[in-house]
S.K.: 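Would you mind keeping the following structure in view while I ask a few things?
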There are 2 protein chains.
Amino acid sequence: MKKQSDKPDIVSVARLAGVSAATVSRALNHPDLVHPATRKKIDLAIRKSGYIRNRAAQTIHGRRSATIGLIVPTIANVIFAELVQAFNDAVSQQGFTLLLASHGYDLATEYALVRKLLEHRVDALALIGLDHGEDTYRVLREQGLPALAIWNYDPVSTISCLGIDNAEAGRIAASHLLMLGHRRIATIFPDTGENDRARSRRSAAQATLKAAGLGDRADWQIQTPYNTGQAKRASLELLASVDRPTALLCGNDVIAQGALYAALKLGLKVPGDLSIIGIGDFVGSAELEPPLTTIRIPARRIGAAAADHLVAAVDSESEDAMIRTCFECELIMRATTATPPVG
Amino acid sequence: MKKQSDKPDIVSVARLAGVSAATVSRALNHPDLVHPATRKKIDLAIRKSGYIRNRAAQTIHGRRSATIGLIVPTIANVIFAELVQAFNDAVSQQGFTLLLASHGYDLATEYALVRKLLEHRVDALALIGLDHGEDTYRVLREQGLPALAIWNYDPVSTISCLGIDNAEAGRIAASHLLMLGHRRIATIFPDTGENDRARSRRSAAQATLKAAGLGDRADWQIQTPYNTGQAKRASLELLASVDRPTALLCGNDVIAQGALYAALKLGLKVPGDLSIIGIGDFVGSAELEPPLTTIRIPARRIGAAAADHLVAAVDSESEDAMIRTCFECELIMRATTATPPVG
DNA sequence: AATAGTCTTGCAAATGTTTTCATAAAATAT
DNA sequence: ATATTTTATGAAAACATTTGCAAGACTATT
């Protein structure tokens, strides 16, 4: 009755194998340091006892926790789906486990989540974008763990970042519509208050339109959250008017999808009557009917690269160097944009 | 130079506050046991030093890790998006952190993930469905931690489960099409080898069709993964023939969406020429044009209930009681099904 | 057969908390 | 005022592991 819990620990395995706990530990962490024969005995003892090692104990010893945190605005949405999957796959493949959290586009909540993940001693932390609370930035600085802002590239960021130039994405989208000859262009974006990605896209797009001499009609600057249903309803309202735009520049593909459905519902031909362009190229955007013209964000590559960077930063004990990596975004011309209707 | 790491720990906080480590610990975990004045001093010291407590240390002490594991087949897809979000929200709100993993519909990988999460000493573990490796079941049994199979209800499951009766879903979908008068019905499902949800739906649907006297044409039993693009291509092939079905029963909404796009592309009227029914009612299905008729799975409620059950099981030290909860699934008649075309 | 070198292993200290037990101080009752 | 109960705190053991150090066991070299 000396053991209160029946769960086998390293010393019970050691006893079973007839060696010391230290040797078992070494067999697990530095197999090359222990004699093949002993290793065999230990393997057998582990198998026999059903031992599962306790990461918490090694974490506490100062070893890494083998966990990496990822905080995204939302999960219940296709926006970050590919990113999360790719990030998780890469991280997992290198022996780490993902701690995932979502804050619903609220930076105060985000700070609380950061603290929570730090309590769990994640070895590294990834966030989306560069809009974060002052307190978030401070605690990240203080803790000095590898941190990375994903999704938005900014040449003057204060923490490492890896993503696309969202302003460029907005510019490309706007230019594409202008190039096709559109002069009646509406934009649909979410609230850009705490969302630097949307803000960059939006202001660059507006600037491009303005530079082309387009007045900025307030009623053609729609705001709606990243939600297909709400985007569809907002678009229905916008498009119902006879004085409607000939093109819609959407903050991302989720909105674009909603806009497309609205057009379909109203019997508008896309792209004959109305051009629609999205940003993101999310899963499924290529399969829409008609297939969506959009600006591709290489989400899988970004996710994998982010994971690789963080894992490397954890492995190399050295001070993790600041990186700022820009992935190219690219116009994917599919079938929802064309020259504006005559008349 | 006595401290090698500069990170403040509980004793440095204690020193700073002029109390013992035990008191700091108490102030954190049982605030009512420490004098308000001392609490104040401690709070200040914590603030000042930027102390973040170490969950690993409490985990190792036998306290709970405050983490819950969730293993899903896939993240890069809308299928489990709402479930994961709801689960995470509920778990998070109760002070737990989510450890997420995905296995890509491979049960061997799943077993490895289960082990990994157990190494991290998750307090509870949730899996999707009831198809799992023998080894997975064994280790779950041995470890005796609260475990839960989500998504599929089975009255004779060997572990707790919480979800819908997938056979019922398949039956409802098939009955709906029969009721409308369809006699030429094709089914599109993924590989059902290691996927009990799909298997239950499919076999119940087939049985219902057979009971109605419909022969099971092999070329009308399509197999394609849960992927809009592949489903669209498979449907294009199926629907291009003049000898085509009048209705498509799809394994889930992702497939249904692909089928719908295929029909649109071929210029088929939905539901005039072709009826399509999905299963799941995923985010966005209601917004499709035309809106998708489907069998609703209450993903948010399931996710929240699953989380609540596991948290409760963790909190109550008692042996966690087996539960088997069945959520109702429900036919949502939207606009993609109708009576078959005459002629 | 002796010496030097290389492997392999065990001991013990260390990691950051929590909690039991004991004690001191304060509050209450007599 | 004293005796008793309550409240607040500290000391130390416990949790499961890793690792530096030292010593014992081989192997290779002469």
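Naming: A, B, ... by sequence-line order, numbering from 1 per chain. As a basis for the values below, the full set of heavy atoms in this structure was taken, side chains included, without hydrogen atoms, waters or symmetry mates.
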S.K.: CD1 of B:I60 versus P of D:dA13: gap in Å, rounded?
M.R.: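 Atom-to-atom, B:I60 to D:dA13, this comes out as 18 Å.
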S.K.: Closest nucleotide of DNA chain D for B:R121 versus for B:V19: which of these residues is on the 5' side?
M.R.: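 Final value for this comparison: B:V19.
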S.K.: Quick one: which of B:I128, B:L127, B:I71 gives a side-chain contact (heavy atoms from CB on, under 4.5 Å) with B:H103?
M.R.: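 Output: one option passes, namely B:I71.
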S.K.: When the C1' atoms of the five terminal pairs at each end define the local axes, what inter-axis angle does the helix from C:dA1-D:dT30 to C:dT30-D:dA1 show, to 10 degrees?
M.R.: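 The angle, to the nearest 10 degrees, is 30°.
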S.K.: Heavy atoms from C-beta onward define the side chain here; which of C:dG16, D:dA11, D:dT17 lies closest to that of B:A22?
M.R.: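 Of all the options, the side chain of B:A22 is nearest to D:dA11.
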S.K.: Looking only at atom types and distance, does a side-chain atom of A:N77 sit under 3.5 Å from a main-chain N or O of A:Y226, one as donor and one as acceptor?
M.R.: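 It does hold such a pair.
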S.K.: Looking for any heavy atom pair under 4.0 Å, which part of the strands does B:R26 touch: base, sugar-phosphate only, or nothing?
M.R.: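 Base contact.
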S.K.: For the pair made of CD1 in B:I42 and P in D:dA8, what is the distance, rounded to whole Å?
M.R.: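 In whole Å, D:dA8 P lies 12 Å from B:I42 CD1.
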S.K.: Looking at B:H30, I'd like to know whether one of its side-chain N or O atoms comes within less than 4.0 Å of OP1 or OP2 on C:dT18.
M.R.: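 The answer is no; no side-chain N or O of B:H30 sits under 4.0 Å from OP1 or OP2.
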S.K.: Could you pull out all residues at least two apart from B:E142 that satisfy salt bridge (Lys or Arg N to Asp or Glu O under 4.0 Å)?
M.R.: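 Result, salt bridge (Lys or Arg N to Asp or Glu O under 4.0 Å) vs B:E142: B:R138.
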S.K.: Write down the distance between NZ (B:K40) and P (D:dT9), rounded to a whole number of angstrom.
M.R.: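 Value for this atom pair: 15 Å.
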S.K.: Within less than 4.0 Å of OP1 or OP2 of C:dG10, is there a side-chain N or O belonging to A:T23?
M.R.: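 For C:dG10, OP1 or OP2 has a side-chain N or O of A:T23 closer than 4.0 Å.
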S.K.: Which nucleotide in the list C:dC11, C:dT8, D:dT17 gets nearest to the side chain of A:S20?
M.R.: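 Of all the options, the side chain of A:S20 is nearest to C:dC11.
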S.K.: Any side-chain N or O of B:R63 less than 4.0 Å from the OP1 or OP2 oxygen of C:dT19?
M.R.: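 For C:dT19, OP1/OP2 do have a side-chain N/O of B:R63 under 4.0 Å.
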S.K.: Counting only side-chain heavy atoms from C-beta out, which of C:dT15, D:dT17, C:dT17 sits nearest to B:R53?
M.R.: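 Nearest to the side-chain atoms of B:R53, counting from C-beta on, is C:dT17.
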S.K.: For the pair B:S65 and B:H120, evaluate side-chain contact (heavy atoms from CB on, under 4.5 Å) and give the outcome as yes or no after the intermediate values.
M.R.: CA-CA 8 Å; B:S65 67; B:H120 286 287; over 6 Å; no
S.K.: Answer yes or no: does a side-chain N or O of A:T38 lie under 4.0 Å from OP1 or OP2 of C:dT9?
M.R.: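 Checking C:dT9 against A:T38, a side-chain N or O does come within under 4.0 Å of OP1 or OP2.
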S.K.: In whole angstrom, give the distance that lies between atom CG of A:L33 and atom P of D:dG20.
M.R.: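 Interatomic distance, CG of A:L33 to P of D:dG20: 11 Å.
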S.K.: Rounded to whole angstrom units, what separation is found between the NE2 atom of A:H61 and the P atom of D:dA16?
M.R.: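 Rounding to the nearest Å, NE2 of A:H61 and P of D:dA16 are 16 Å apart.
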S.K.: Is A:N29 reaching over with its side chain to a backbone N or O of A:S25, donor-acceptor style, under 3.5 angstrom?
M.R.: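 Present.
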S.K.: To the nearest Å, give me how far apart CD (B:Q58) and C1' (C:dT15) are.
M.R.: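 The answer, rounded to whole Å, is 15 Å.
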S.K.: Any side-chain N or O of B:H35 under 4.0 Å from OP1/OP2 of D:dA8?
M.R.: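 For D:dA8, OP1/OP2 do have a side-chain N/O of B:H35 under 4.0 Å.
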S.K.: List the atom of A:L113, the atom of B:S92, and the distance in Å for their closest heavy-atom pair.
M.R.: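 So the minimum-distance heavy-atom pair works out to CD2-OG, 4.2 Å.
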S.K.: Roughly, in whole Å, what's the span from CG in A:N29 to P in D:dT19?
M.R.: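 A:N29 atom CG is separated from D:dT19 atom P by 7 Å.
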S.K.: Taking atom C1' of C:dT18 as reference, at what distance in whole Å does atom CZ of B:R55 sit?
M.R.: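 From B:R55 CZ to C:dT18 C1': 13 Å.
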S.K.: Answer yes if the side chains of B:Y137 and B:R141 hold a donor-acceptor pair under 3.5 Å, and no otherwise.
M.R.: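 Short answer, no.
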S.K.: Go through D:dT9, C:dT18, C:dA12 for me and flag the one nearest to the B:V34 side chain.
M.R.: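 Nearest listed nucleotide: D:dT9.
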S.K.: Could you check whether any side-chain heavy atom of A:Q85 comes within less than 4.5 Å of a side-chain heavy atom of A:R300, counting everything from C-beta outward?
M.R.: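 Yes. Closest side-chain heavy atoms under 4.5 Å.
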